[in-house]
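Counting starts at 1 for both ligands and their atoms, in listed order.
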Amino acid sequence: MPILKADTTPFDGQRPGTSGLREKVKIFQQPHYLENFVQSIFDTQQELAGGTLVVGGDGRYYNREAIQIILRMAAANGVAHAIVGQGGLLSTPAVSCVIRKYKTQGGIVLSASHNPGRPDEDFGIKFNTANGGPAPEAVTEAIYQRTTEISNYQTLEAADIDLDQTGQSQLGGMQIEIIDPVTDYAELMQRLFDFDGIRNLFKSNTFSMRFDAMHAITGPYATHILEDMLSAPSGTVINGKPLPDFGGGHPDPNLVHAHELVSMTQGHNGVDFAAASDGDGDRNMILGRDFFVTPSDSLAIIVANAHLIPGYQKHKIDGAARSMPTSQAVDRVANRLGIECFETPTGWKFFGNLLDAGRITFCGEESFGTGSNHVREKDGLWAVLFWLNLLAVKQQSVATIVQEHWREYGRNYYTRYDYEAVNKEAAADLMQHLRNKLDSLPGTQIQGHVIEYADDFSYTDPIDNSYSECQGVRIGFIGGSRIIYRLSGTGTEGATLRVYLEAFEPDPNKQQQTTANVMAPLVSIAQELAQITQKTGREQPTVIT
Ligand code: G16
C-alpha cells in the first residue's frame, strides 16, 4: 500500500488546553485540520514508530471518521500495532488502563469530555503517553510547536477498517486489534473492590441505586459491571446507550445537567445512591437520598476510608493531591493521616509525575474528577465503585457517611460559579485587573472579611521541576475562606470565567446550613473584588455547581 505525502499549511490555535485540543466539530472537519495535529503527534513522539498505539473515543459525532483518519496515518507513520475499542469506543480511563496493561507507547483519546456532541457542537483529541496519562505540558507544547511549522502529513490510500468486529486485521504494515472496550477495565475494577460485598448490598433489597450514563461512553461499562457482574437490578443504569449526540443532552454530571437523575434521589421514594458520569467516563457525581456530595468532599472521604477497600488496604497510602481550586477538605484528612498533600494546577496531567513517583495514591479535582494510582486518568466508574464498596462496608446512608466526616474533620462549604461564553477580551481584562491589585490586597478588609493572602498560583513540579505559572488568582481570608478566579482551558466559545468559593466550618452545630446561605457573603465579595458584572455584563452565572 503506497504511502501518500500530502501537502498542508499550519492552522492557528492548535495549542492543547487543559485537556487536549477541543474545538467545534466544524473546525475539526476542515481539510487537513485533524491530520495536521495527528502528524504533529507522530513527528514529536518518535517512539510510536515501530510501537503500539491505543485509539478510542467517547462515541460522539465525528468519532468514527476521526478514527479512520488516525489509523491510516498511524500505519503510514510506521506504527506497528494499533489497539482500538470496538465501535471506536473506549472511555478515557479505559484508554489509560489499556495503555498500562499492554505497555504500549501511548494512546489517542477522542473526546470533548462533558461538552455536547453534535455536528454543530464539540470534538476533541488528546495524546496520552506510555504511563497512560495525559501528556505533560512539555509534550503538548512540542506537539503544538510542530503544528505551527507543519508542511505535510503521511497517510495511506486504503478502505475504512471495520471497527465493529473484534479481532485482528492489517492496514499497510500495521496490525490492528479491535478489542472489547470493557473487558480489561472491568478486570481491573474487580481487583480493586470487594465485588462480593457490593453484590450482597444489591441483593439485600433494602438498597436502591441509579447510574446515569447520560447516553455517553459509560453505558456499556456500567451495564456490564453493575448489572451483569454485580447483580444490580436491570434498569439500574439509565441512558445507557452511547449516542453520537448524547441524546441531545449535555453529558456533564452535575446538578444542572443530570437533573433527571437528581430528581430520582428526592423524597421518600428517592433511591439510596445515585451517580453519573460524563461524555468520556472520567468524571463522576455522587448523590445520596436528598443529598449531594461535593467532589471535594468525595475525595476527602475516599482518602479517609481507603483502609476499608481491598485494593488500598494492603499498603500505607502514599499521599494525596488536589488541584488548587479544589476545597481543602482532603488536606485535613492527609494531615490527620500524616501523609503528604500536594496542591497542583488544574488539569489531571499535573498528577502524573506524583503518581508515577509513588508520592500519591489518590488525587482529585472539584470539576467532578477523582482517581488513584490504578490508572493515570480520573475515573468516573471507579469513584462510583469506591462509594458502593464503602456503603457495603459501612451499612450507612451516603448522608450519614458525609455528615460524620464533617463532624470529625470540619466542613468545607464549597460552590463554583461559571460564567460561560464571556467575551474573551473582557475576561482577560477582568483577570488582569485582579492581578494588578494582588500586592495591595493582603491585610485589607472587604465586606468585613480580612484578606490574608492574594496571589497568582504557580507550581513547581516536585519530580521534574517543571514550572507552571498564571494558574489562577487565589484570595485567602483569615479563617480559611478562599475565592479563586480562573479562566477555563476547556471551553470552545469565548471565555469561561470560573469563580470557586470555599468556607470552612469546624462547628458541628453549624454544618447543616445550605451552601447558598453560607456562601452568600463570599459571592458578594467575589463580585465586588473582580467587578464581574461591570467587566462581563453578566448579572448571574450560567451554571452554579
Ligand atoms: C479537564 C481536565 C481536568 C480539569 C477540567 C476543567 O477535565 O482533565 O483536569 O479540571 O478539564 O478544566 P477547566 O476548568 O480548565 O475547564 P475533562 O473532564 O473536561 O477532561
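For the residue pair Ser468 and Glu137, a side-chain donor N or O sits within less than 3.5 Å of a side-chain acceptor on the partner. Between the side chains of Tyr312 and Ser372, at least one donor-acceptor pair of N or O atoms lies under 3.5 Å. Side-chain contact annotation: Glu366 with Ser323, donor-acceptor N/O pair under 3.5 Å absent. Under 3.5 Å, the side chains of Ser296 and Thr294 contain no donor-acceptor pair of N or O atoms. Using modelled atom types, one finds no donor on one side chain facing an acceptor on the other under 3.5 Å when comparing Gln328 with Asn412. For the residue pair Asp278/Ser113, the side-chain donor-acceptor check at 3.5 Å is satisfied.
Closest to atom 1 (C) of ligand 1 by heavy atom, among Glu365, Lys378, Arg416, is Lys378.
Between Arg474 and Asp455 there is a salt bridge, since at least one side-chain N of the basic residue sits less than 4.0 Å from a carboxylate O of the acidic one.
Note: Phe368 and Phe292 have tilted aromatic rings, judged against thresholds of 30 and 60 degrees for the angle between ring planes.
Against a heavy-atom cut-off of under 4.0 Å, Arg498 is close to the following atoms of ligand 1: 13 (P), 14 (O), 16 (O). Every atom of ligand 1 is numbered from 1 in the order shown, and the set under 4.0 Å from a heavy atom of Gly489 is 13 (P), 15 (O), 16 (O). Counting the atoms of ligand 1 from 1 in the order shown, those under 4.0 Å from a heavy atom of Gly347 are 9 (O). Listed by number with element, the atoms of ligand 1 under 4.0 Å from a non-hydrogen atom of Ser19 are 1 (C), 2 (C), 8 (O), 20 (O). Residue-ligand proximity, Ser113 to ligand 1, at heavy-atom distances under 4.0 Å covers atoms 17 (P), 18 (O), 19 (O), 20 (O).
In terms of protein heavy-atom proximity, atom 10 (O) of ligand 1 is closest to Ser367 OG, 2.7 Å. Of all protein heavy atoms, the one closest to atom 20 (O) of ligand 1 is Arg22 NH2, 2.8 Å. Protein heavy atom in closest approach to atom 5 (C) of ligand 1: Arg283 NH2, 3.5 Å.
In terms of N/O distances under 3.5 Å, ligand 1 is not approached by Asp280. Taking distance alone, with nitrogen or oxygen atoms compared against 3.5 Å, His114 approaches ligand 1 more closely than that limit. The shortest N or O to N or O distance between Leu487 and ligand 1 is not below 3.5 Å. For ligand 1, the polar-atom distance check finds no N/O of Thr346 at less than 3.5 Å from any of the ligand's N/O atoms.
Residue contacts with ligand 1, taken as heavy atom pairs separated by less than 4.0 Å, involve Thr490 via backbone and side-chain atoms alike. At a heavy-atom cutoff of 4.0 Å, ligand 1 is contacted by no atom of Glu377, backbone or side chain. Using a 4.0 Å cut-off between heavy atoms, Glu366 makes no contact with ligand 1 at all.
For the salt bridge (charged side-chain N to carboxylate O under 4.0 Å, His left out) condition, the pairs that include at least one residue of residues 377-386, sequence neighbours left out, are Lys126-Glu377, Asp282-Lys378.
Residue contact annotation: Gly369 has no non-hydrogen atom under 4.0 Å from ligand 1. At a 4.0 Å cut-off, at least one heavy atom of Arg486 sits close enough to ligand 1 to count as contact.
For Asp122, the salt bridge (Lys or Arg N to Asp or Glu O under 4.0 Å) partners are Lys24, not counting sequence neighbours.
Seen from the ring of Phe504, Arg332 counts as a face-on cation partner, given the 6.0 Å and 45° thresholds.
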